[in-house]
Every structure is written in C-alpha cells, then in structure tokens.
Student: 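There's a structure below that I have some questions on.
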Number of protein chains: 2
Amino acid sequence: MNYSDFQLMVKVSQQDICREIFAENRKTMRVKKEETAVRNLERIFDATLKISNEKGFQAMSMRDLSRETGLSMGALYAYFAGKEDLLEMLQSQGRAVIQRILEEHINAESRAVSKLRAAVRTHLHLSEAMQPWFYFSYMEAKNLARAQRDKAVAGELYTEKIFADILEQGQEEGVFEPRDHLLVASVIKAMLQDWYLKRWKYAKRSISVDQYAAFILEFVEAFYLSSANSNTVA
Amino acid sequence: MNYSDFQLMVKVSQQDICREIFAENRKTMRVKKEETAVRNLERIFDATLKISNEKGFQAMSMRDLSRETGLSMGALYAYFAGKEDLLEMLQSQGRAVIQRILEEHINAESRAVSKLRAAVRTHLHLSEAMQPWFYFSYMEAKNLARAQRDKAVAGELYTEKIFADILEQGQEEGVFEPRDHLLVASVIKAMLQDWYLKRWKYAKRSISVDQYAAFILEFVEAFYLSSANSNTVA
DNA sequence: GTCTATATACGGATAGAC
DNA sequence: GTCTATCCGTATATAGAC
C-alpha cells in the first residue's frame with residue numbers, strides 16, 4: 001500500500017468514527033441530520049486541532065473556534081455541551097482510528113521481524129497522516145480531566161506493549177538477542193514521537209517518513225543483532 | 001562527581017543566576033534588597049513550574065500563584081511586570097544554568113567516546129535535577145511569544161549540535177563508523193527528552209538515571225560499532 | 001440549524017493603605 | 001515590601017429570534 005492510499009484509508013476511517021460519535025450522542029446533540037452533523041464535526045475537529053496546536057487548547061476561545069469554523073457560537077453548542085465535551089469527542093475519535101488501523105496492519109504479519117517493520121512504518125505513516133491529532137494529544141494530555149488523562153496514559157502503554165511483545169516474540173523465534181525489551185520499546189516510542197513532535201525539523205532537513213522509518217529500523221536492528229552487547233539494565 | 005554533589009552544584013548555580021537576573025532588572029523591580037529578592041524569585045519560579053506542569057502556564061492564574069507562593073498579587077507584581085515577563089525570566093534562568101553546566105562537563109573530556117558519555121550522563125543528570133524546568137520548557141515552547149520561541153528552538157538545535165559534533169569527531173578519530181550523525185544526534189535527543197517527559201513511567205519501573213544513561217550509551221554505541229549496517233539516509 | 005445578543009464569572013493588572 | 005480592594009476586559013454558555 002502506498003502512502004496516498006494510506007491517507008485515503010485514514011480519511012475514510014475518520015469519517016466512519018465521526019458517524020459513530022454522532023450516533024452515540026444523538027440524544028444530546030441538537031442537530032439531527034447525519035450528513036450535516038458529520039460534515040460539521042469534521043470541521044470543528046480540524047479547527048480545534050489547528051488553533052490548539054498554535055496556542056494551546058486552554059487558550060483557544062470559543063470565539064476563535066467560531067471564526068475558524070465559520071459557525072456561530074450558538075451553532076457550535078449544538079454539537080457539544082462545552083469545551084470539555086469537545087475534547088473528549090476529539091480524543092476518542094483519534095484513538096479509535098489509530099487502534100483500528102494499527103492492529104489491522106500488524107496482525108497481517110506473522111514473523112517478529114516483519115511485525116516490527118510493519119509496526120514502525122504504520123505508526124509513522126499514521127502520525128504523518130494525523131499529525132495534528134498526535135501532536136495535540138501529546139501536548140494536551142496533562143491538561144485533561146482525570147478520566148481522559150487515564151485513557152491517554154493507557155494509549156501510551158498500549159503502543160509500548162505492542163512493541164515489547166514483538167521484540168519478545170523475536171527472541172523466542174531466535175532472531176533477536178535477549179534484551180530489556182520493555183526499555184527498548186519505550187525508546188522506540190520516543191523516537192516515533194519525535195517524528196510528529198518535531199516535524200518542522202525533519203521537514204526542513206528534507207527527511208521523508210520512509211527514510212526516517214528505515215533509519216529507526218536499522219538503529220534498532222543493529223542493537224538486537226550485535227551479540228557484543230551486554231544489556232546491563234535487567 | 002556523585003549525584004548529590006551534582007544536585008548541590010545545580011542548586012548553587014540556580015541561585016547565582018537568580019542573583020544575576022535581579023541585578024539586570026534592578027531598575028524595574030520594586031524590591032531592592034538582594035537577599036529578599038533572590039529568595040522570593042526562587043519561590044516564584046518553583047511555584048510557577050509546579051502549577052504550570054499540572055495545568056499549563058496559560059491556565060495558571062495569578063491567584064493560583066499567589067496562593068502557592070504565599071505572596072499577595074500586589075507583592076508578585078513587585079518582581080515582574082506581568083505573566084510574559086515572569087515567563088521570560090524563568091526561561092532565561094534555566095537556559096543559563098544548563099549551558100554553563102553542560103559545557104563545563106563536556107569540555108573536561110577530550111576523546112569522542114568520553115565526550116559522548118559525559119554529554120549523555122550530564123544531560124540526564126541535569127534534567128533529573130531540574131526536571132520541572134525541562135518539562136515546562138518542552139510543553140510550553142509553542143505557546144511562547146516569537147522571540148522566546150526562537151530561543152527555545154535555538155536551544156534544541158544547540159544541544160543537538162553538541163552531539164552531532166561529538167559523533168563527527170569520533171569518526172575522525174576512527175573509533176566510530178560513518179553514519180548520518182545529525183540524524184543520530186536527533187534521536188539521541190529524543191531519548192534524553194523521554195527521560196524527563198515520562199519520568200512517572202521510569203520511576204514506576206524503578207529505572208534509575210544511571211541505568212537509563214548506560215542503556216542509551218549501549219544502544220548508540222552498538223549502532224556506531226556495527227559495520228554490518230549501511231546507513232541509507234545519507 | 002443557525003444566528004445575535006446577553007448573563008454571569010473570572011482573569012490580569014493597579015491604586016493606595018500600612 | 002507587602003497587603004486589600006477594585007477596575008476592566010474577555011471567557012463560557014445560554015436565550016430566544018429567524
């Protein structure tokens with residue numbers, strides 16, 4: 001699958017989730033026509049990400065959001081009960097899309113080496129296609145209310161565990177050396193996060209997402225194949 | 001130097017910088033006695049970091065800060081002209097401490113391998129001793145005004161260049177394989193940042209700063225010593 | 001469904017007493 | 001040096017017209 005097909009798939013998945021969100025909140029939303037609701041929800045989400053990533057979610061006023069979406073303040077409140085509510089919808093939409101696509105791509109592979117490559121590449125492609133969402137979630141996580149923050153932390157640990165499990169499987173297959181897989185998984189995650197957190201830097205240096213993926217994989221694989229290393233952190 | 005000596009050195013350095021800040025802003029501050037000013041500036045900085053790291057700098061009200069420091073709103077404004085001003089002082093204080101200590105420790109070494117180890121360890125120790133400041137700077141960077149944001153970006157690139165230069169030197173010394181040093185430097189930075197951004201995670205897993213440092217060094221050194229690798233990103 | 005107008009509250013900043 | 005009291009702008013959220 002090439003990247004533009006991937007982008008399309010993400011876009012479709014995002015709309016699907018918007019439709020599901022609309023279905024779930026049908027009682028509370030004052031808007032009743034699905035087509036209108038989904039279209040405006042997407043606009044609202046995009047605008048929220050754009051403004052928040054410039055000045056922060058707290059600093060984004062409803063007037064800002066009104067201006068950016070072209071909807072009046074009154075209209076906005078037909079879609080959500082308040083800022084908190086908007087935040088929750090936006091978060092759950094993104095999480096749902098990511099989980100769906102990530103698992104789909106990893107489960108298509110069986111051997112550890114292929115799984116590792118699929119996981120790294122898919123995660124990078126996802127964060128490329130949904131960069132504003134990833135950036136937002138990372139930066140705003142600490143400002144979320146308790147329940148939302150817990151879900152964000154769970155998401156972090158979930159991704160990390162995916163990588164740790166793959167590395168463990170590789171050791172069982174005899175293709176990877178024994179290492180502290182969880183610690184390696186956490187630094188892999190750190191490197192993946194750098195891609196969407198410092199996108200300006202990589203863009204400026206003309207490093208493509210595929211080049212970055214190849215580099216990360218070489219880096220990790222070198223560590224897993226070098227038997228000279230003793231992993232001191234047990 | 002053990003870690004508790006290091007902590008003490010950082011603390012002293014922070015006070016020194018507070019004194020310098022006071023000297024620079026003597027005209028505008030309504031407080032005139034150095035001892036009082038330095039003591040209260042430290043309290044104000046600590047409180048700002050504490051509150052901001054919980055809910056964000058924007059969301060921190062002057063009333064919050066007043067409560068946390070025990071100083072009244074009026075008293076606070078004797079130390080700075082407004083929130084923007086406070087932010088600038090806090091940022092410049094941290095940057096000054098970091099630059100001073102980092103260069104001191106790296107310049108004490110001559111060979112690349114030793115420099116790399118000193119740089120990684122010192123950076124991790126610094127971010128351990130000043131975790132709230134590092135966390136704050138990372139999270140609030142995008143919300144800063146133009147001039148401040150530029151300085152934050154410059155700081156990011158400055159640290160990265162330190163690492164890239166060391167790796168380059170290692171290649172010249174013939175102890176490191178040729179690689180894309182700048183790209184490696186940026187992922188090293190990402191791993192160092194993970195330490196202070198996800199401190200809760202490493203604390204929970206009982207991984208010490210020295211264990212983390214050892215791990216990062218093994219990881220990087222494995223990549224630089226494995227001749228099997230072809231660095232595709234040129 | 002969407003708009004305009006407004007209620008209510010909270011934040012930054014200052015004045016002036018002590 | 002520090003405090004209390006207050007001004008004034010701006011934010012969220014809603015009411016009610018179209």
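In what follows, chains are A, B, ... by sequence order, proteins preceding strands, each numbered from 1. The structure presented is a predicted model; accordingly, all values stated were derived computationally and were not measured.
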Student: Respond yes when some side-chain nitrogen or oxygen of A:Y77 is under 4.0 Å from OP1 or OP2 of D:dT14, and no when none is.
Tutor: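 No, A:Y77 has no side-chain N/O under 4.0 Å of OP1/OP2 on D:dT14.
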Student: For the pair made of CE in A:M73 and C1' in C:dA7, what is the distance, rounded to whole Å?
Tutor: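 So the CE-C1' distance, A:M73 to C:dA7, works out to 12 Å.
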Student: For B:M60, report the nucleic acid contact type (base, sugar-phosphate, nothing); a contact means any heavy atom under 4.0 Å.
Tutor: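 Sugar-phosphate, backbone atoms only, no base.
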Student: Parallel, tilted or perpendicular, judged at 30° and 60°: which one describes the rings of A:F6 and A:Y3?
Tutor: parallel
Student: Which listed nucleotide (C:dG12, D:dT12, C:dG1) is nearest to the side chain of A:K33?
Tutor: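 The answer is C:dG1.
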Student: Counting heavy atoms from C-beta on, name the nucleotide in C:dC3, D:dA13, D:dT2 closest to the side chain of B:Y79.
Tutor: D:dT2
Student: When you measure from the side chain of B:S72, which nucleotide among D:dC3, C:dT2, C:dG12 comes out closest?
Tutor: D:dC3
Student: Check the distance between D:dA11's C1' and A:I51's CD1 and give it to me in whole angstrom.
Tutor: 15 Å
Student: Give B:D85 one of three labels, base, sugar-phosphate or nothing, depending on what nucleic acid heavy atoms sit under 4.0 Å from its own.
Tutor: nothing
Student: Check every atom of C:dA13, D:dT12, C:dT2 against the side chain of A:S61 and return the nucleotide holding the closest atom.
Tutor: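 Among C:dA13, D:dT12, C:dT2, the one nearest the side chain of A:S61 is D:dT12.
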Student: If I take atom CE in residue A:M62 and atom C1' in nucleotide C:dT8, what distance separates them, rounded to the nearest angstrom?
Tutor: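 About 17 Å, once rounded to whole Å.
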Student: Counting only side-chain N and O atoms of B:N40, is one of them less than 4.0 Å from OP1 or OP2 of D:dT2?
Tutor: yes
Student: To the nearest angstrom, how far is A:L76 atom CG from C:dA5 atom P?
Tutor: 17 Å
Student: Verify whether one side chain among B:E156 and B:Q193 offers a donor that lies under 3.5 Å from an acceptor in the other.
Tutor: yes
Student: Whole angstroms only, please: what is the CG-C1' distance between B:L65 and C:dC10?
Tutor: 17 Å
Student: Can you see whether B:F57 has B:K83 sitting over its ring - NZ or CZ less than 6.0 Å from the centre and within 45° of the normal?
Tutor: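 Yes.
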Student: Given C:dG12, C:dG1, C:dC3, identify the nucleotide with an atom nearest to the side chain of A:T36.
Tutor: C:dG1
Student: Nearest-Å distance, CD (A:E84) to C1' (D:dT12)?
Tutor: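 One finds 12 Å between C1' of D:dT12 and CD of A:E84, rounded.
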Student: When you check the gap from the basic side-chain N to the acidic O, do B:K55 and B:E68 get nearer than 4.0 Å?
Tutor: no
Student: How long is the line joining CZ of A:R39 and P of C:dT2, in whole Å?
Tutor: 7 Å
Student: Output the rounded distance in Å from CZ (A:R30) to P (C:dT2).
Tutor: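 Atom CZ in A:R30 sits about 10 Å away from atom P in C:dT2.
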Student: Quick one: which of C:dG12, D:dC3, D:dT12 gets closest to the side chain of A:R63?
Tutor: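 For A:R63, the side-chain atoms sit closest to D:dT12.
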Student: Given D:dG1, D:dT2, C:dC3, identify the nucleotide with an atom nearest to the side chain of A:L71.
Tutor: C:dC3
Student: What do you reckon, are the aromatic ring centroids of A:Y138 and A:F134 less than 6.0 Å apart?
Tutor: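 A:Y138 vs A:F134: aromatic centres not under 6.0 Å.
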